[in-house]
There are 2 protein chains.
Amino acid sequence: MPLRMTNQRIIIFEELKKSRQHMTADELYGIVRKKMPKISLATVYRNLEVLSGTGVIAKLEVSGRQRHFDSDVAGHDHVTCVQCHKVENVLLEVIKEDCPSHGVMDGYIIKGRRLEFFGLCPQCQKKNRVMKGDKTMGCGCGCAKKELTDEQKKVLQAMADCVGPCAAKDIAAATGLDTKMVSGKIADLKKQGYVDSPERCKYGITAEGRTAMKG
Amino acid sequence: MPLRMTNQRIIIFEELKKSRQHMTADELYGIVRKKMPKISLATVYRNLEVLSGTGVIAKLEVSGRQRHFDSDVAGHDHVTCVQCHKVENVLLEVIKEDCPSHGVMDGYIIKGRRLEFFGLCPQCQKKNRVMKGDKTMGCGCGCAKKELTDEQKKVLQAMADCVGPCAAKDIAAATGLDTKMVSGKIADLKKQGYVDSPERCKYGITAEGRTAMKG
DNA sequence: TTAATAGTTGATAACTATTCCCATGTCAAG
DNA sequence: CTTGACATGGGAATAGTTATCAACTATTAA
């Protein structure tokens, strides 16, 4: 079963190597499409699978939603940013010795190991400082809050129109929405930091909420 | 925002603790349903999320398809079996010291770390030996080969009816299926070990293939 | 050179794990 | 008792990935 080096396979490999990053199938698809617009996403997945099977690239399967692929197959570990989900390399010589990636442990035949750190990347740390000052919602590191639904916007608008903190039923009356639905929405918005509750059962819109409403 | 201890929440927690294993939402759903048949899968997910938020259980997000939850929140690492995807604990005191789970590294503020080994569990090692001797397909460790499709079964049947090794087109003629489709199926079956190719372009059914066909 | 066969592709359907949605239900505080 | 916060069941929606298959291309044996 020879492995045929097709154009698409070559381009996928080259682009992954060129980027010097841990890419998802999707990101790579976006890049490869510039050179080969008709390529299929399935082809990208297939070839990443094939290439990682031969060992020329590494399949990371770092936890989180998407799988990442790495053209650097040498042994190194990873840091993931908990906020923007970027993945970067780290090299920890100390650990290598004490923590072998092959051998036997508790009856298991160990085939490999993965050491993964997670924390906040420098950009997201900076971004958090900026956000507290409410200068911008921009992130620069690929993470963004979800778009608000129409109902959520209505609720926020009603809250903004209110002078002081108001109850769920007031919002319901103002928007014409059902009271129960409104309180559900409020709970969601509170979780996202767009709404706060200065006193029990009374709610107000936050500065962040105002910004979100405009976007 | 008090956390209400509902019946479903209690049962989910109890069962997770009782099992002394790393369970997926789905497995837990199966167990909990025996005590509370009307519970919703969404409720299981929600509560695992809530409980891991409070820290009484741990959300593993070990790599691989499914997320696992653990009632033991103490710091320990994990081994995953690459074959049956079982997850078990390991304790490596040495590493703990050299590999802190909090601090700063390369500009990142580290919030945690995950060390994961992967290899073959003792059961799967044993199973592999048994399978070579063709005594049984049973695994005992939760891993099972996929069910064969009707076409695959047809192809295998035709191959079994054949005396010696036969070509794809013979199979096509015997089954009435398209030749190209047949060669695709054969390739798949070969990957799964149900078919081998004693000489180029000639195929035969393996012992394993015969067993699979019956099931 | 040619026919058979192996390997590959693009398009799209299917799948799986998880999350969202919302009407309805329950609890606790006033 | 009412109100609102918190929860639930069930189904729809989503995201990422995998499977399917007809069409295409390269390779090999004859």
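Computed from a predicted structure; not experimentally measured. First the proteins, then the strands, lettered A, B, ... as listed; each starts at 1.
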May I have the distance from [X] (atom [atom1]) to [N] (atom [atom2]), rounded to whole angstrom?
| X | N | atom1 | atom2 | value |
| --- | --- | --- | --- | --- |
| A:Q8 | D:dC24 | CD | P | 15 Å |
| A:R33 | C:dG10 | CZ | P | 12 Å |
| A:F69 | D:dT17 | CZ | P | 7 Å |
| B:M36 | C:dG25 | CE | P | 17 Å |
| A:L41 | D:dT17 | CG | P | 9 Å |
| B:E27 | C:dT18 | CD | C1' | 15 Å |
| A:E49 | C:dT8 | CD | P | 14 Å |
| B:I11 | D:dG9 | CD1 | P | 10 Å |

Closer than 4.0 Å, any side-chain N/O of [X] to the OP1 or OP2 of [N]?
| X | N | result |
| --- | --- | --- |
| A:T6 | C:dT9 | yes |
| B:N7 | C:dT26 | no |
| B:Y45 | C:dT18 | yes |
| B:R9 | D:dC6 | no |

Please round to the nearest 0.5 Å and tell me the distance separating atom CZ of B:R46 and atom CG of B:L51.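 Separation between the atoms: 12.5 Å.
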
Could you state the interatomic distance from OG1 (B:T43) to CG (B:N7), rounded to the nearest 0.5 Å?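 Reported value, rounded in 0.5 Å steps: 12.0 Å.
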
Please pick, from [options], the nucleotide with the shortest atom-to-atom distance to any side-chain atom of [X].
| X | options | value |
| --- | --- | --- |
| B:A42 | D:dT8, D:dT17, D:dG11 | D:dG11 |
| A:R67 | C:dG10, D:dT18, C:dT9 | D:dT18 |
| A:K38 | C:dA17, D:dT8, C:dA11 | C:dA11 |
| B:T43 | D:dT17, D:dG9, D:dT18 | D:dG9 |

Return whichever of B:D26 or A:V50 has its heavy-atom-nearest nucleotide of DNA chain C closer to the 5' end.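 Its nearest nucleotide lies further toward 5', so the answer is A:V50.
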
Do A:R46 and C:dG7 have a side chain to base donor-acceptor pair shorter than 3.5 Å?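 Counting by modelled atom types and ignoring angles, no donor-acceptor contact under 3.5 Å is found here.
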
Does A:L28 form a side chain to side chain contact (heavy atoms under 4.5 Å, CB included) with A:F69? I'd like the steps, not just the answer. CA-CA 9 Å; A:L28 199 49; A:F69 294 85; 5.9 Å; no

Side-chain contact, heavy-atom cut-off 4.5 Å: B:M23 with B:I31?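 Of all side-chain heavy-atom pairs linking B:I31 with B:M23, at least one is under 4.5 Å.
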
If you define the side chain from C-beta out and look only at heavy atoms, does anything of B:Y29 sit under 4.5 Å from B:I39?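 B:Y29 vs B:I39: side chains touch.
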
Closest nucleotide of DNA chain D for A:R4 versus for B:S40: which of these residues is on the 5' side?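 The residue closer to the strand's 5' end, by nearest nucleotide, is B:S40.
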
